[in-house]
Amino acid sequence: MISSLQRQLRSRPSPNPNPNPNPSPAGHSAPDGRPGRVDAAVAAAVFACALPGSVFTLPGGPELPWGPGALLTGASCVALLWYRCRPRATVVVTALCATAMAGIGHVLSVLLLGPLMVALHSLALRTDRRTANLFTLGGIVLLVGTGLFVGPAGEPLILKLGGPAAWLLLPTSLGTATRLRGAYLEAVQARAEHAERTREEEALRRVAEERMRIARDLHDVVAHHLVLANLQAGAVAGRLPDRPVEAARIVADLTGTTASALRELKATVGLLRHSDDRDQPDLPTEPTPGLARLSELAASFEHAGLKVAVTIEGEPQPLSAGADVTAYRIAQEALTNVTKHAAARSAEVRLTYCAASVVLAVTDDGPGRQRATPPAPDSPCPSGGYGLIGMRERAHSVGGQFRAERRREGGFGVVAELPIQTEGADRSDQTSQNSQADQTDEAEHGSL
């Protein structure tokens with residue numbers, strides 16, 4: 001499973017390490033505000049369209065000199081050179097020029113208002129809706145007022161009132177719609193990028209959780225069986241000269257212990273291979289351990305010199321698969337710690353069934369042993385082990401609680417409260433919050 005997730009991550013294209021958030025296409029306005037070739041081309045094209053409007057008059061109306069109108073049109077188009085970088089100033093200049101032409105008697109046609117329309121479109125595209133509407137409303141009031149008071153006398157009233165308003169509202173509406181469309185596309189792209197990052201983070205989190213799960217499983221299997229095998233081998237060495245029959249029986253038990261360890265390791269590795277290699281045939285696996293095998297687990301410690309008593313209180317209830325294997329592994333690890341570290345001759349495993357949870361308590365009466373070797377330098381806790389950390393992680397992974405402490409009457413005890421039906425919630429944050437408590441527990445009672 002880990003390798004498949006890693007292949008998923010490697011298959012994704014890596015983002016550009018040096019993205020340019022503000023690309024500047026060739027010919028557009030330079031970053032310092034200097035007009036570009038595109039700005040000059042737009043201004044020239046608008047001037048070519050607006051110049052005929054400066055010489056247009058109403059039929060039968062007075063003839064107007066073309067010079068002032070052409071000059072004001074040119075000034076408006078020159079202001080368009082900065083319509084990208086200074087849209088507000090461009091709108092003000094073009095509006096004043098259009099008002100001046102209306103004041104000298106020109107008809108406010110669409111050609112004459114061309115520079116102002118381009119400036120308003122740019123303003124609506126680059127600012128917010130409120131700013132664009134305020135500038136547009138101000139231009140309409142200015143032009144309509146000027147046309148009513150000093151405009152051509154023969155111009156129809158509908159053209160004086162409706163013409164400027166319609167021609168100025170049109171570019172503002174188009175610019176606002178274009179800006180909203182661009183903002184929508186940017187939001188869609190941002191959501192897609194966020195979803196991609198979230199998928200990558202989720203895959204990395206799943207890889208880390210799978211590694212932790214495999215580490216816990218291998219630790220439980222190897223630690224339990226190797227500790228028992230070591231103790232049984234030591235017993236054989238001590239009893240072989242004087243009590244060969246008992247030594248032979250212990251050797252037979254040792255063979256069973258190592259065979260059981262090999263079967264569980266084969267089952268664990270087989271599950272990993274089966275999750276990654278879909279073309280491989282199904283491999284035989286060891287049955288998943290649970291509380292049904294608790295008596296067998298307790299009996300396996302007898303030849304190691306530890307007498308384990310199993311007590312059940314309340315009406316036994318079926319547990320979910322996750323809670324069942326978690327309870328078994330916690331009991332297994334706790335008894336292994338007792339055998340290795342507590343110097344105890346007896347231990348008790350007590351199961352208490354409640355309405356919605358089961359309480360597992362493993363206690364011993366041993367004084368504890370002094371460590372013969374210092375802890376490993378890379379160990380996460382002073383005792384150099386991972387046992388209590390692994391038990392706490394297992395309990396939290398199914399939504400339960402865990403604590404480990406010295407008993408007032410002597411010995412050490414671990415208590416895990418597990419729900420009958422697991423919630424399936426992620427408990428990784430609780431695991432990190434209890435890391436310090438793990439280290440304190442490990443310092444008092446060592447583990448593998």
Please report the shortest heavy-atom distance between Ala404 and Val414, naming the atom on each side. CB-CG1, 3.7 Å
Check ion pair Arg403-Glu405 (N to O, under 4.0 angstrom): yes
Once you round to the nearest 0.5 Å, how far does CG of Leu112 lie from SG of Cys97? 10.0 Å
Tell me if the CD atom of Glu348 is crowded by more than 12 foreign heavy atoms within 6.0 Å. yes
How long is the gap from CG on Leu142 to CG on Leu137, to the nearest 0.5 Å? 11.0 Å
Treating Arg179 as the side-chain partner and Ala124 as the backbone partner, does any N or O pair qualify as donor plus acceptor under 3.5 Å? yes
Is the number of heavy atoms from other residues, nucleotides or ligands within 6.0 Å of CZ (Arg129) greater than 12? no
Give a yes or no on whether a salt bridge exists between Glu202 and Arg199, defined as a side-chain N under 4.0 angstrom from a carboxylate O. no
Step-by-step side chain to side chain contact (heavy atoms under 4.5 Å, CB included) determination, Gln189 to Leu185: CA-CA 6 Å; Gln189 182 179 3; Leu185 294 178; over 6 Å; no
I'd like to check Pro68 versus Ile104 (side-chain heavy atoms, cut-off strictly below 4.5 Å). Are they in contact? yes
To the nearest 0.5 Å, what is the distance between CG on Leu116 and OG1 on Thr99? 8.0 Å
Are any non-hydrogen side-chain atoms of Arg205 and Glu201 less than 4.5 angstrom apart? no
Strictly distance-based, threshold 3.5 Å: is any side-chain N or O of Thr339 a donor or acceptor partner for the main-chain N or O of Leu335? yes
A side-chain contact here means heavy atoms from C-beta on lying under 4.5 Å apart; do Glu333 and Arg394 qualify? no
If you round to the nearest 0.5 Å, how far is CZ of Arg88 from CZ of Phe135? 6.0 Å
Is there side-chain contact between Pro316 and Ile312, with heavy atoms separated by less than 4.5 Å? yes
What's the shortest heavy-atom distance between Pro419 and Ala323, and which atoms? O-CB, 3.6 Å
Minimal non-hydrogen separation, Leu360 against Ala331, with atom names: CD2-N, 3.9 Å
Check: Gly413 main-chain N/O paired with Asp364 side-chain donor or acceptor under 3.5 Å: no
I'd like to check Thr73 versus Phe47 (side-chain heavy atoms, cut-off strictly below 4.5 Å). Are they in contact? yes
Could you tell me whether the side chain of Thr352 reaches within less than 4.5 Å of the side chain of Val358, counting heavy atoms only? no
Side chain Glu196, main chain Arg191, donor-acceptor under 3.5 Å: no
Kindly determine whether Val38 and Arg84 satisfy side chain to side chain contact (heavy atoms under 4.5 Å, CB included), including the steps that lead there. CA-CA 10 Å; Val38 174; Arg84 294 176 185 270; 3.2 Å; yes
Are the side chain of Thr94 and the backbone N or O of Val91 linked by a donor-acceptor pair below 3.5 Å? yes
Taking the side chain as everything from C-beta on, heavy atoms only, tell me whether Trp167 gets closer than 4.5 Å to Leu108. no
Assess, by modelled atom type and distance only, whether the side chains of Asp128 and Thr131 contain a donor and an acceptor separated by less than 3.5 Å. yes
Taking only residues two or more places apart in sequence, or in another chain, which ones meet Val144 in a side chain to side chain contact (heavy atoms under 4.5 Å, CB included)? Ile140, Leu148, Leu161, Pro164
Looking at Ala327 and Leu291, what are the two nearest heavy atoms and their distance? CB-CD2, 3.7 Å
Main chain of Trp82, side chain of Thr90: is a donor-acceptor contact present, judged purely on distance under 3.5 Å? yes
Is it true that a side-chain atom of Thr172 and a backbone atom of Leu168 form a donor plus acceptor pair closer than 3.5 Å? yes
State, to 0.1 Å, how close Phe402 and Ala395 come at their nearest heavy-atom pair, and which atoms those are. CB-CB, 3.8 Å
From Glu393 atom CD to Leu388 atom CG, the distance as rounded to the nearest 0.5 Å: 11.0 Å
Under 3.5 Å, side chain of Arg126 to main-chain N/O of Arg86, donor-acceptor pair present? no
CD of Glu417 to SG of Cys354, rounded to nearest 0.5 Å, is 6.5 Å
From CA spacing to verdict: side chain to side chain contact (heavy atoms under 4.5 Å, CB included), Met117, Val110: CA-CA 9 Å; Met117 293 172 64; Val110 63; 4.0 Å; yes
Could you tell me whether Glu409 atom CD has more than 12 heavy atoms of other residues or ligands within 6.0 Å of it? yes
Quick one: closest heavy-atom pair of Leu143 and Ala95, and the distance? CD2-O, 4.4 Å
Would Asp324 and Tyr328 count as a side chain to side chain contact (heavy atoms under 4.5 Å, CB included) here? Give the steps. CA-CA 6 Å; Asp324 195 25; Tyr328 178 86; 5.8 Å; no
Taking the side chain as every heavy atom from C-beta outward, state whether Glu313 and Leu351 have any pair of such atoms under 4.5 Å apart. no
